[in-house]
Protein chains: 2
Amino acid sequence: MADENCSRVETALEILVGKWKPVILYQLFTNGTMRFSELQRALPDITKKMLTSQLRELEYHDIVHRKIYMQIPPKVEYSITEYGMKMTPLLEAINAWGTMHIQHLNELYSEDRKLEDAETK
Amino acid sequence: MADENCSRVETALEILVGKWKPVILYQLFTNGTMRFSELQRALPDITKKMLTSQLRELEYHDIVHRKIYMQIPPKVEYSITEYGMKMTPLLEAINAWGTMHIQHLNELYSEDRKLEDAETK
DNA sequence: CCGTATCCCGGGAGATACTG
DNA sequence: CAGTATCTCCCGGGATACGG
């Protein structure tokens with residue numbers, strides 16, 4: 001049972017983990033449908049290879065939908081699936097904790113500053 | 001602003017990511033204070049090196065507390081910090097989503113089974 | 001008992017070039 | 001436009017041995 005509880009967490013992390021997945025999801029969640037090239041423009045530092053592989057993994061997990069237009073030049077659109085939408089509360093929880101954590105870091109930093117100031121006096 | 005939103009998520013993931021962190025956190029959350037050797041026994045497949053490094057990272061992020069007893073033989077106890085406790089809702093959200101996702105996978109699987117059964121008839 | 005120090009390997013991820 | 005195909009480098013993480 002210990003294992004089960006944990007494997008659920010790991011299953012979830014598996015899907016979120018990948019250097020670019022959070023950013024990609026963020027783009028698709030906020031912009032809705034996007035073409036491959038739009039994603040590339042929005043994420044200047046990612047290579048095509050990486051963008052493709054991360055999108056494929058998300059597609060495999062039924063989080064992202066890939067719509068191909070049979071035409072020349074090619075056109076492919078990506079969007080969050082209905083099932084993927086169910087990640088919203090999870091993403092929000094992660095985001096909320098991250099926000100609080102950054103705040104916490106700032107507090108730790110300012111405490112260090114106080115100590116330093118006290119020493120230099 | 002896009003970057004900020006995303007960096008929060010990444011900040012959070014950074015802390016959770018690491019092959020053994022979820023399991024370690026699970027142990028400490030359910031068992032409270034644990035000695036190094038207890039963790040080793042609970043996690044048979046982890047090496048000392050890995051256990052140490054993951055605990056150090058968690059300690060660095062103020063999630064886990066390390067209490068050293070100056071004695072021979074040495075004794076070291078690990079526990080979740082007060083601040084670390086604030087991860088509870090996050091962990092629960094991840095766990096909840098993971099649970100739902102596994103359920104979703106089962107549904108997909110049983111649909112495949114139906115198709116197969118239909119074909120073989 | 002609670003760790004470091006070393007050595008080593010596989011795979012994640014970047015750079016670059018090519019294609020339907 | 002939307003991808004593959006290669007080649008290469010780096011480092012997370014395992015195995016093993018040693019140290020206070």
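Residue numbers begin at 1 in each chain, while the letters A, B, ... track the order of the sequences.
Within a 6.0 Å sphere centred on CD1 of A:Ile72, heavy atoms belonging to other residues, nucleotides or ligands number 12 at most. Within a 6.0 Å sphere centred on CD of B:Gln71, other residues, nucleotides and ligands contribute more than 12 heavy atoms.
Atoms CG (A:Leu51) and C1' (D:dT4) sit 14 Å apart, rounded to a whole Å. In this structure, B:Gln54 atom CD and C:dC2 atom P are separated by 18 Å, rounded to whole Å. Rounded to whole angstrom, the span from the CD1 atom of A:Ile24 across to the C1' atom of C:dA13 amounts to 13 Å. Whole-Å rounding puts the A:Lys48 NZ to C:dT19 P distance at 13 Å. Going from atom CD of A:Gln71 over to atom P of D:dG3 covers 13 Å, rounded to whole Å. Here C:dC2 presents its C1' atom at 16 Å from CG of B:Leu43, a figure rounded to the nearest Å. The CD1-P distance, from A:Ile72 to D:dG3, rounds to 14 Å in whole Å. For the pair A:Glu57 CD and C:dG12 P, the interatomic distance rounds to 9 Å; values are reported in whole Å.
Phosphate proximity of C:dG3 to B:Arg66: present, with a side-chain N or O under 4.0 Å from OP1 or OP2. Taking 4.0 angstrom as the limit, B:Arg35 places none of its side-chain polar atoms (N or O) nearer than this to OP1 or OP2 of C:dG3. For B:Ser37, a side-chain nitrogen or oxygen approaches OP1 or OP2 of C:dC2 to under 4.0 Å. Residue B:Tyr78 places none of its side-chain N or O atoms closer than 4.0 Å to OP1 or OP2 of C:dC2.
Side chains of B:Tyr69 and B:Glu77: a donor-acceptor N/O pair is present below 3.5 angstrom, by distance only.
Remark on DNA chain C: of its neighbouring residues B:Arg56 and B:Arg41, the 5'-side contact belongs to B:Arg41, judged by nearest-heavy-atom nucleotide.
Each of D:dA2, C:dG3, C:dG14 was ranked by its minimum atom distance to the side chain of A:Thr47; first place goes to C:dG14. Of the candidate nucleotides D:dG3, C:dC1, C:dG3, C:dC1 has the atom lying nearest to any side-chain atom of B:Pro73. The side chain of A:Met50 sits closest to C:dG14 out of C:dG20, D:dG14, C:dG14. For B:Pro74, taking side-chain heavy atoms from C-beta onward, the closest of the listed nucleotides D:dG20, C:dG20, C:dG3 is D:dG20. The side chain of A:Trp20 lies closest to C:dG14 when the candidates are C:dC2, D:dG14, C:dG14.
By the 30° and 60° cut-offs, the orientation of the rings of A:His101 relative to B:His61 is perpendicular.
Looking at B:Lys19, its side chain has no donor and acceptor atom pair within 3.5 Å of the base of D:dG13. If you check distances only, the side chain of A:Lys49 does reach the base of C:dG14 with a donor-acceptor pair under 3.5 Å.
Nucleic acid contact for B:Tyr69: none, since no nucleic acid atom lies under 4.0 Å from a heavy atom of the residue.
Between B:Glu59 and B:Arg56 there is a salt bridge, since a side-chain N of the basic residue sits under 4.0 Å from a carboxylate O of the acidic one.
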* Start with the C-alpha distance between B:Val9 and B:Leu13, add both sets of side-chain angles, then the distance that settles side-chain contact (heavy atoms from CB on, under 4.5 Å), and finish with yes or no. => CA-CA 6 Å; B:Val9 173; B:Leu13 288 179; 4.0 Å; yes
